[in-house]
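Only one structure is covered here, and it is reproduced in the block below.
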Number of protein chains: 2
Amino acid sequence: MSGIRAQQKEKTRRQIIDAALNQLSAEQGFSNLSLREVAKEAGLAATSFYRHFNDMNELGLTLVDEAGLTLRQLMRQARQRIEKGGSVIKISVITFMEFIEANGNVFRLLLRERSGTSAEFRAAVNREIRFFTMELCDYLQSASNLDHETCYLQANALVIIVFSAGAEALDANEKERQEITARTIKQLRFIVRGAMHINASPTI
Amino acid sequence: MSGIRAQQKEKTRRQIIDAALNQLSAEQGFSNLSLREVAKEAGLAATSFYRHFNDMNELGLTLVDEAGLTLRQLMRQARQRIEKGGSVIKISVITFMEFIEANGNVFRLLLRERSGTSAEFRAAVNREIRFFTMELCDYLQSASNLDHETCYLQANALVIIVFSAGAEALDANEKERQEITARTIKQLRFIVRGAMHINASPTI
DNA sequence: AACTTCAGTGTACACTTGTTCGCTATTTTA
DNA sequence: TAAAATAGCGAACAAGTGTACACTGAAGTT
């Protein structure tokens with residue numbers, strides 16, 4: 001039942017996905033991707049594409065899913081490092097920056113499609129980011145004695161700042177990247193400290 | 001010397017710009033804009049476009065400039081309101097949200113091209129956002145006794161959070177928009193409070 | 001062994017894209 | 001008033017797009 005046929009199909013499906021990811025770059029976003037070009041790089045005739053995806057749209061959503069998966073791997077890796085001790089914020093940011101460096105195109109995809117022209121894509125990306133935020137929220141709630149809402153707002157703000165730093169890091173060289181990292185760590189500390197002191201003098 | 005000819009040329013140039021802005025939407029970004037379509041909406045033959053812009057690229061950069069201009073108007077408006085008294089953060093966020101509602105397409109342009117496929121566009125958008133941040137930084141520095149770096153990091157973080165909220169608001173209805181506004185105000189307060197307390201216990 | 005399923009192929013079609021090239025009509029300049 | 005400059009036009013072109021269709025050969029089924 002393994003099916004030599006199903007096996008082969010899965011394989012070329014991956015080839016399509018990989019070809020697409022490979023053609024994403026700083027200069028080329030998903031919307032500029034051409035079915036023909038992707039098929040060609042996957043070693044397929046253009047028309048064979050349809051045996052695997054109904055649509056470029058469908059491929060795109062698959063890519064977003066892949067990206068979300070990679071994002072969750074990132075979180076796991078960060079958690080492992082954190083357990084070994086050290087500044088949580090620092091470790092998290094550094095891990096994230098490593099992710100950007102290794103998976104630039106994947107991150108670019110998320111970043112772009114979050115504000116892209118397809119409502120479906122936007123929703124898909126936001127879903128992935130929400131997962132990311134929720135996990136962080138849970139962590140914050142277990143590590144502090146703040147209420148849920150405060151933790152969520154905090155987690156949300158932290159994620160936004162880190163993603164934005166990641167976006168900037170995409171265009172940066174090694175030295176600039178280190179500056180961004182240092183800057184971001186400080187900014188995250190603002191948020192963490194601010195969330196702790198939130199009960200004092202509410203009228204700013 | 002006024003030149004009936006130069007006058008007319010300026011007029012149709014504006015028509016092109018307006019047509020382009022008008023064709024931007026949630027579903028259509030600048031990169032999907034077609035020279036022919038823009039020219040048609042401006043009431044021109046496709047080829048006449050070249051009398052005003054060398055390129056779609058050139059038009060795009062002009063649009064980004066326009067957007068930056070609108071952004072600066074927004075700041076002025078917010079400052080005026082703040083002078084009349086009230087919570088600075090609250091007024092700023094509300095003003096920004098009104099801007100989003102009135103200039104959705106302009107904001108979308110900035111948002112998208114910030115992570116778009118053209119390095120030139122990305123740079124142009126980041127320049128506009130940097131202006132925005134610097135102005136806020138100056139304000140913070142004059143209104144507090146924090147050092148320059150802290151003020152800049154704070155301003156930068158505030159802008160990122162507000163822009164991100166704006167992005168979310170683009171897809172939201174009235175009720176959701178109010179929730180986003182309330183949430184954002186709280187998050188900005190985290191940052192402001194955190195920047196004030198930054199000297200205490202640096203190892204988080 | 002005969003029959004069915006289906007991943008992959010190549011051709012073809014209808015469209016849209018940006019851009020070039022002469023041309024006209026009108027304003028500007030000399 | 002004659003000459004030069006130029007905004008706008010329509011036709012045409014080459015290139016690229018997604019997709020429909022009929023076909024082939026190998027894998028799966030009975």
Side-chain angles (χ1 to χ4, degrees), chain A residues 1-25 27-63 112-113 116-118 120-121, chain B residues 1-25 27-64 112-113 116-121:
Chain A
M1 253 302 185
S2 94
I4 190 170
R5 201 169 212 172
Q7 214 170 334
Q8 175 60 27
K9 182 166 186 181
E10 184 55 33
K11 190 177 160 194
T12 66
R13 184 187 151 95
R14 262 246 70 84
Q15 282 173 349
I16 294 177
I17 292 174
D18 289 342
L21 281 176
N22 201 39
Q23 293 198 359
L24 292 177
S25 70
E27 296 79 28
Q28 182 135 349
F30 178 77
S31 68
N32 311 11
L33 245 55
S34 143
L35 185 154
R36 287 175 124 95
E37 290 297 320
V38 170
K40 188 195 282 181
E41 174 153 344
L44 280 177
T47 50
S48 304
F49 178 91
Y50 293 103
R51 302 289 182 201
H52 302 271
F53 300 95
N54 286 320
D55 222 52
M56 279 300 272
N57 221 40
E58 203 175 299
L59 171 60
L61 291 173
T62 306
L63 292 186
R112 282 180 180 148
E113 298 311 325
T117 54
S118 155
E120 203 175 357
F121 276 52
Chain B
M1 249 306 183
S2 93
I4 189 170
R5 200 167 210 168
Q7 214 171 333
Q8 175 60 29
K9 182 165 186 181
E10 183 55 31
K11 191 176 159 195
T12 66
R13 185 187 149 95
R14 263 246 70 83
Q15 282 172 349
I16 293 177
I17 293 174
D18 289 341
L21 281 176
N22 200 39
Q23 293 197 0
L24 292 177
S25 69
E27 295 79 27
Q28 183 135 351
F30 178 77
S31 68
N32 310 17
L33 244 54
S34 142
L35 184 154
R36 287 176 124 96
E37 290 296 321
V38 170
K40 187 194 282 182
E41 174 153 343
L44 281 175
T47 52
S48 304
F49 178 91
Y50 293 103
R51 301 290 183 200
H52 302 270
F53 300 95
N54 287 319
D55 223 50
M56 278 300 273
N57 222 39
E58 204 175 296
L59 171 61
L61 291 173
T62 306
L63 292 186
V64 173
R112 282 181 181 148
E113 297 311 324
T117 54
S118 155
E120 205 176 356
F121 275 52

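Remember, it's a predicted structure, so these values are computed and weren't measured experimentally.
- B:Q23 contributes atom CD, which lies 4.5 Å from atom CD of B:E41 (distance to the nearest 0.5 angstrom).
- Per the geometry, NE2 belonging to A:H52 stands 8 Å off C1' belonging to C:dG8, to the nearest Å.
- Under 4.0 angstrom from either OP1 or OP2 of D:dA7 there lies no side-chain N or O belonging to B:S48.
- For the pair A:L44 and A:R36, both in contact range of DNA chain C, the more 5′-proximal nearest nucleotide belongs to A:L44.
- The separation between B:I4 atom CD1 and C:dT29 atom P is 13 Å, rounded to whole Å.
- A:R14 has its CZ atom 19 Å from the C1' atom of C:dA7, to the nearest Å.
- Side-chain proximity of B:T12 to C:dT17, C:dG18, D:dG8: nearest is D:dG8.
- Summarising the geometry of A:M56 relative to A:F30, their closest heavy-atom pair is O-CZ, 3.1 Å, with the distance given to 0.1 Å.
- Candidate nucleotides D:dC9, D:dT6, C:dG18 were compared by shortest atom distance to the side chain of B:R5, and D:dT6 ranks first.
- Under 4.0 angstrom from either OP1 or OP2 of D:dC9 there lies no side-chain N or O belonging to B:T47.
- A straight line from CZ of B:R51 to P of C:dT27 spans 17 Å, rounded to a whole angstrom.
- Residue B:S34 places none of its side-chain N or O atoms closer than 4.0 Å to OP1 or OP2 of C:dT16.
- A:Q7 is not listed as a side-chain neighbour of A:K11, based on a closest heavy-atom distance of 4.5 Å or more.
- Atom-to-atom, CD of B:Q15 to P of D:dA7 comes out at 15 Å; the value is rounded to the nearest Å.
- Taking atom CZ on A:F49 and atom C1' on C:dT9, their separation rounds to 16 Å, with Å as the unit.
- Distance A:M56 CE to D:dG18 P: 6 Å, rounded to the nearest Å.
- Between atom CZ of residue B:R112 and atom CG of residue B:L24 there is a gap of 7.5 Å, rounded to the nearest 0.5 Å.
- Rounded to whole Å, the distance from CG on B:N32 to P on D:dG18 is 13 Å.
- The minimum heavy-atom distance linking B:L59 with B:A20 is given by the pair CD2-CB, 4.0 Å.
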